[in-house]
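Everything numeric in this text was worked out from a predicted model, so none of it was measured. Each ligand, and each atom within it, is numbered from 1 in the order the structure gives. As a basis for the values below, the full set of heavy atoms in this structure was taken, side chains included, without hydrogen atoms, waters or symmetry mates.
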Amino acid sequence: MKIATQLLHSIPVDELTGAISVPIYQTSTFVQESPGINKGFEFSRANNPTRKVLENLICSLEEGHAGFAFASGMAAIDAVMKLLKTGDEIMAVEDTYGGIFQMFQHMFERFGIKANFVDTSNTDKVLAAITPNTKMIWLESPTNPTLRISDIKSISKIAKQHNILLVVDNTLCTPLLQQPMPLGADIIIHSATKYLAGHTDVIAGLVVVNSKSLADQLRFNQNISGSILSPFEAWLTIRGIETLSLRLDKQCSNAMAIATWLAAHPAVDKVFYPGLSTHKNHHIARKQQKQYGALVSFSLKNDNIKNAIRVVNATKLFKLAESFGGVKSMLDHPTTMTHRNIPEEFRKKSGLPDSCIRLSVGIEDAEDLINDLKQALDKLNLPAGKQMTVLQ
Ligand SMILES: *Cc1c(COP(=O)(O)O)cnc(C)c1O
């Protein structure tokens with residue numbers, strides 16, 4: 001089965017009733033026939049039939065051994081971090097998701113697990129940064145918002161040689177655009193809040209692991225820490241995934257049209273989109289991704305916070321909001337919003353311009369979206385000769 005079919009048909013019909021939509025098993029416990037004799041379910045923190053459908057679905061899409069659903073992407077990451085112990089070190093992609101940066105620096109550091117942030121888009125730097133205590137390499141590819149790409153296959157070879165677990169946060173791609181496990185990843189993370197659920201109405205996290213031993217540890221962490229996804233949120237996420245293929249195709253083609261248009265706009269300095277041949281890591285993205293995703297970031301020639309804020313305040317279709325991945329287009333100014341807790345030194349090191357604007361491209365008509373950006377950029381009052389349409 002191709003993945004677009006799998007999205008729908010890895011979701012079983014309910015055996016008990018024939019319901020074609022997965023039933024929401026809203027129950028905390030399950031009646032047992034005799035102690036230990038039951039239908040495979042005892043208590044919903046440990047296992048729940050609705051959640052299990054989602055866990056099996058993501059496992060099958062990512063070609064893993066087992067899947068787990070958590071109350072959020074951060075809860076999923078927390079459970080994976082608890083595979084480590086005091087004294088272990090983690091090597092993480094330099095421009096990691098803001099929440100992950102804070103979790104590693106301000107939470108796990110206190111428990112003696114040190115995070116080392118490295119530019120993993122350069123595989124040589126990964127090799128050079130390994131220490132005898134490195135137990136995990138943490139990749140996001142592409143990163144957000146500057147969409148840097150790391151070569152998952154080459155890094156997985158290095159990780160295997162050094163007996164290091166390779167974790168890939170696949171939130172930006174979903175298994176439809178990129179499958180890290182066949183490329184050598186051991187653990188995959190998703191914030192299902194983004195593209196998988198896809199309608200900006202749920203917070204959810206998923207983990208897929210590639211072995212029984214990792215599955216046993218993760219199952220223990222999930223049950224003991226208890227940060228599970230509720231049956232209703234699991235159902236919403238399943239329903240979202242059913243239309244992922246349609247949504248993402250449209251979002252990726254809209255994103256490509258917008259990135260191409262932005263690259264030719266006189267007020268725009270850099271466009272960050274791995275689908276453009278000018279992108280530094282375009283060749284790796286082409287090799288390991290099926291399409292280039294639906295996040296597009298850009299900076300302004302007049303690179304300052306004030307100008308970026310003028311633009312993000314002026315769009316009408318692109319709603320100003322944190323998060324991404326939904327059907328409705330949104331935009332964000334990372335420096336003052338999603339990435340404001342990242343120290344300036346790290347922001348600069350990872351090449352995030354002050355005026356960077358991140359677009360989460362939705363499924364609207366591409367021309368309408370471009371016109372919305374055009375009227376917002378027009379508000380910047382370009383120098384004479386480059387004036388565009390009259391201000392509204
Ligand atoms: C949003 C996000 C997370 C965190 O997920 P939540 O569902 O918000 O807890 C982790 N990684 C990436 C790449 C994200 O975009």
Results of side-chain hydrogen bond (donor to acceptor under 3.5 Å, both in side chains) for Lys82 - residues two or more places apart only: Asp78, Ser225

Holding to side chain to side chain contact (heavy atoms under 4.5 Å, CB included), I want the full list of residues that pass it with Glu367, two or more places apart in sequence or in another chain. Asp365, Asn371

Quick one: sort the Phe232 and Trp235 rings into parallel, tilted or perpendicular, breaks at 30° and 60°. parallel

Any chance you could measure Ser253, atom OG, to Ile258, atom CD1, to the nearest 0.5 Å? 9.5 Å

Between the side chains of Lys348 and Asp354, is the shortest nitrogen-to-carboxylate-oxygen separation below 4.0 Å, so that they form an ion pair? yes

By the salt bridge (Lys or Arg N to Asp or Glu O under 4.0 Å) test, which pairs, at least two apart or in different chains, include something from residues 145-157? Glu94-Arg148, Asp95-Arg148, Asp119-Arg148, Asp151-Lys287

Can you pull every nitrogen or oxygen pair between ligand 1 and the protein closer than 3.5 angstrom?
unit_1, atom_1, unit_2, atom_2, d
ligand 1, 5 (O), Ser191, OG, 3.0
ligand 1, 7 (O), Gly73, N, 2.9
ligand 1, 7 (O), Ser191, OG, 2.8
ligand 1, 7 (O), Thr193, OG1, 2.6
ligand 1, 9 (O), Gly73, N, 3.0
ligand 1, 9 (O), Met74, N, 2.9
ligand 1, 11 (N), Asp169, OD2, 2.7
ligand 1, 15 (O), Lys194, NZ, 2.7

